[in-house]
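What follows is a short report on a single structure.
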Amino acid sequence: MPAKINFRIWTIFVLLCLLLPLGIQAQIVQRFPFSLSVNAKIDLQNETVEMISSPPVERENRIKDLTLDLRHGELIISYSLDKSEKGNYYDIELYAELGGTPILLKPGKLIGDIGTGIETSAVSNFEIVWPGFYEQFLQIEDDFSLSLKATYVDQLKVAGLDCDNPPVFGFKQQWPFLATLAVAGGSIGAGQYYKGRSEDTYNTQYLPAGSLAEANPIYDKANQEHQQYLILTYAGAALIAGDLIWYVVRSARHQKRLKLFDEYCKEGQALNIDPVFSPGIGEVSTSTQLRLTFSF
Amino acid sequence: MKVLSIILLTGYLFVSPWTLSASCYSDFLVQGINAFEKLEFNSAIDNFEAAKICSGITRKQKNTVERWLNKARTGYIDAISNARDEALRAKFEAQQMALTSEANRLAFIAGEEIENGNAADAINLAYRALTSSAGLPSPAVSKAFGDAVYANYHITLSGHTAPLIDVVTSDDGRYLLSLAQDHEAILWNEEGEELVRLSHGKAIPFKAYFAPDGQTILTLASDNVARLWDMQGKLMSRLAKHKARINMARFSADANMIVTASRDGNIFLWDRDGNEIAGFDKHKAAIKNLQFSLIDNRILSCDGDKSAFLWNTRGEMIADLSQDVYIIDAKYSRAGNQILVHGASAEARLYNQDGNLIQTFDTHAKGVVSFDYAPNQDYLFTADLNGVLSFWQADGSQQQPFETLYQGIRNVNFSPDGEYLVINSINEDASLYTRSGDRIRRLDKHSTSISSVEFASDGASVLTLGQDGTAKLWDMSGRLLMNVAPESKLYSATFQAQNNQLIFVGEKQYLTLCPSPQLIIAQLKTEPLAPLSQEKREKYSLETSKN
């Protein structure tokens, strides 16, 4: 009887074959930063803040009304943001300078509406508190500058969707699955061919052989053909299984994108975001980022 | 005849031996004295010797010459001695200069090797420079050694997956607790080994306290809950009554009670099992100071709205210490039997433990930023926004203040023995002073203002953290011992209690430990470094250097 193949090795081989069709697709995620700065003269002794200058808010800027106040020795930073669609959010950062020198802000120092995930679907006015402000500065003679940076994270863009191009999952997207299925079928078919040849060799040549010396090479040949049958059959089966899984996942992803599309883009709700970036003080990151996702 | 006799007599007198001897004596004496005054003692002695044997000199003249002769001989000997001493001194100074020069050269090379990433050679060279220095090492040598210590001996404790927020050390220095934005606190031992992780679910821990008995840890997290943990990382209880962010917490001296305070002004007292004992509801603004008395477990609290209260453990207010101005601090004295309150006014106030006013101290300044007892002393000090540091007796009498050169003082830090202090100004740098008011040196190596100052527990060094994100270690003569400027900015620089190891927290996800240079010097005396290879000795031209 032909020898059995090493199943473990071939399982690994099949898994590697499954990974080959997986594409690593780079998505460009658009994050739109907005920035607004204010300058102020702060009198800690009398707890007063005099706004010296703040640039006029541009129509496209999503940050409105950035103001400062002193209360109980703490600096209160109030700001408002344009309402956003449900599911979208802002990342808020704050930069401060005193007399032109940046102030190092320890993580967790500022309390309130700062950081990631600031949603404005329900409210649009926010507050950040700088505790211990009086003790940190005691007496301020230079101008105090503050810059708020709000990065708008658009869920639609995160998903890589465009309202002008609804997601589709037609033949153009499905042909790799069909092609894989065809290859798997071909592999199984080829396996059957080798199976027939192996049996034929065994029955018509090996069994009637006159001597052991004559029979052994024939047996080796039959065995080799049998192994080829096993390899091709298992590979085909694995390809079918992998293809099925791949198809199911891809289909589910399509459904999710369709749902997002229906939520954001149907009935004239198409978003039309024009990025406006007003350079502020402090370190400001670039407006695009690269994110890697697996798509299959 | 008569005229001839006179002529003959006059002529005889001029040429007589008496005349000749008088001239001989005076000439040689005068020449000898001139030579003596020019310190030409050999010549002076010769002249005096000659004067001595002039014929016809009187006994008095002879005695005079003898005295001058003795003086000349003594002066000669003294001159030789002085010259020899001068030569020896010059030789010694030349040797010292050579040693100093060589030490500076080695320090310079050590600095270059640090920049090249060759920390192992750098510490070897820097230590050689330190030990071969004549007298006190130069500032360049001290700094090179400190930088080499950091390059070689600092370790990073990595375990968090998000940037750090804070680090806390236990009172005995045996443990560290790091808090990070990854929702976890990690307990480390003093060797930097991770012991346990305290997971806070979705909340972020931002503050922590070790109990005085060293058996419990209290963490405050962003979900307004305080958590009590044992040292094995088991959650013992949750203190979950606050509706606003908990600002701070304190353990009682016996660690049996915990008091927590939040931004909405609420204060709660708890037992170790997490059961509420009492609530305190008089504050209407965020609590900024909170303290247990060491003596009677009373609680002192102060908020940002000018209110300060003294409470008992039943939640009853004992005394109202509120002011008309913003209170910067209200705290117990070190002895625990007095309360000190100061703020944005000229007056600092001293109360007894029952909250009765004992004394006010009028600084005539815009505000008092520091008010406390000087360490190991029975007098108080105030530091004000006019830049004056004043010393007081408890009865209100003032000792001689010392005026700093600053427009305003930010804070004052005393060394543990009270003999040195660092005065940190509002908008300039800081300076190291002696207690008597002598300014030792400006600590002016930060490019921005200094945000924190801390003395080592042995009082031998002081650590400063600047707004520029760097930390610097100084000795008590104001020399820079170490400059810590990692690739990420530092938010915190502190000493680990007891062992004076340095702890740094920055923008990254790890914290850094580094022994102080003094620790390494003591270590190297008993465990010397491996000597440099012959090749390296030649490379650094060490053959002629002397240890």
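Every chain is numbered from 1 and lettered A, B, ... according to where its sequence line falls, protein lines coming before strand lines.
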Shortest non-hydrogen contact between B:L164 and A:P107, atoms and distance: O-CG, 3.7 Å
Interface moiety of B:L465 toward chain A, non-hydrogen atoms closer than 4.5 Å: neither
Measure distances from A:P131 to the heavy atoms of chain B and classify the residue's part below 4.5 Å as side chain, backbone, both or neither. side chain
Side chain from CB out, backbone as N, CA, C, O: work out which of these in B:K366 comes under 4.5 Å of a heavy atom of chain A, or both, or neither. both
Pick from A:L44, A:D142, A:I111: which one has the most heavy-atom pairs with chain B under 4.5 Å? A:I111
Using heavy-atom distances under 4.5 Å, tell me whether B:Y326 contacts chain A through its side chain, its backbone, both, or neither. side chain
So with a 6.0 Å cut-off around NZ of B:K508, is the heavy-atom count from everything else above 12? no
Sort by residue number and list every residue of residues 132-139 of chain A having at least one heavy atom under 4.5 Å from chain B. A:Y134, A:E135, A:Q136, A:F137, A:L138, A:Q139
Under 4.5 Å from any heavy atom of chain A, what part of B:L385 do you find: side chain, backbone, both or neither? both
Around atom NZ of B:K445, are there more than 12 heavy atoms from other residues, nucleotides or ligands closer than 6.0 Å? no
If you round to the nearest 0.5 Å, how far is CD of A:E74 from CG of B:D305? 10.5 Å
For side chain to side chain contact (heavy atoms under 4.5 Å, CB included), just list the numbers for B:I426 and A:E141, CA-CA rounded to whole Å, side-chain angles, deciding distance to a tenth of an Å, and then say yes or no. CA-CA 10 Å; B:I426 285 179; A:E141 309 213 333; over 6 Å; no
Can you name the closest pair of heavy atoms from B:R245 and A:G108 and give their distance? NH2-O, 3.5 Å
Could you work out, with side-chain hydrogen bond (donor to acceptor under 3.5 Å, both in side chains) as the rule, every residue matching A:D143, not counting sequence neighbours? A:K41
Quick check: are there more than 12 heavy atoms from other residues, nucleotides or ligands sitting under 6.0 Å from NZ of A:K83? yes
Return the OG1 to CD distance between A:T101 and B:Q467, rounded to the nearest 0.5 Å. 9.0 Å
Honestly, the part of A:L98 sitting under 4.5 Å from a heavy atom of chain B is neither
Could you look at B:L179 and say if it's the side chain, the backbone, both or neither that has a heavy atom under 4.5 Å from chain A? neither
Check each atom of B:A286 against the heavy atoms of chain A and say whether the ones under 4.5 Å are side chain, backbone, both or neither. side chain
Testing the basics here: between B:I165 and A:K106, what is the closest heavy-atom pair and its distance to 0.1 Å? O-CE, 2.9 Å
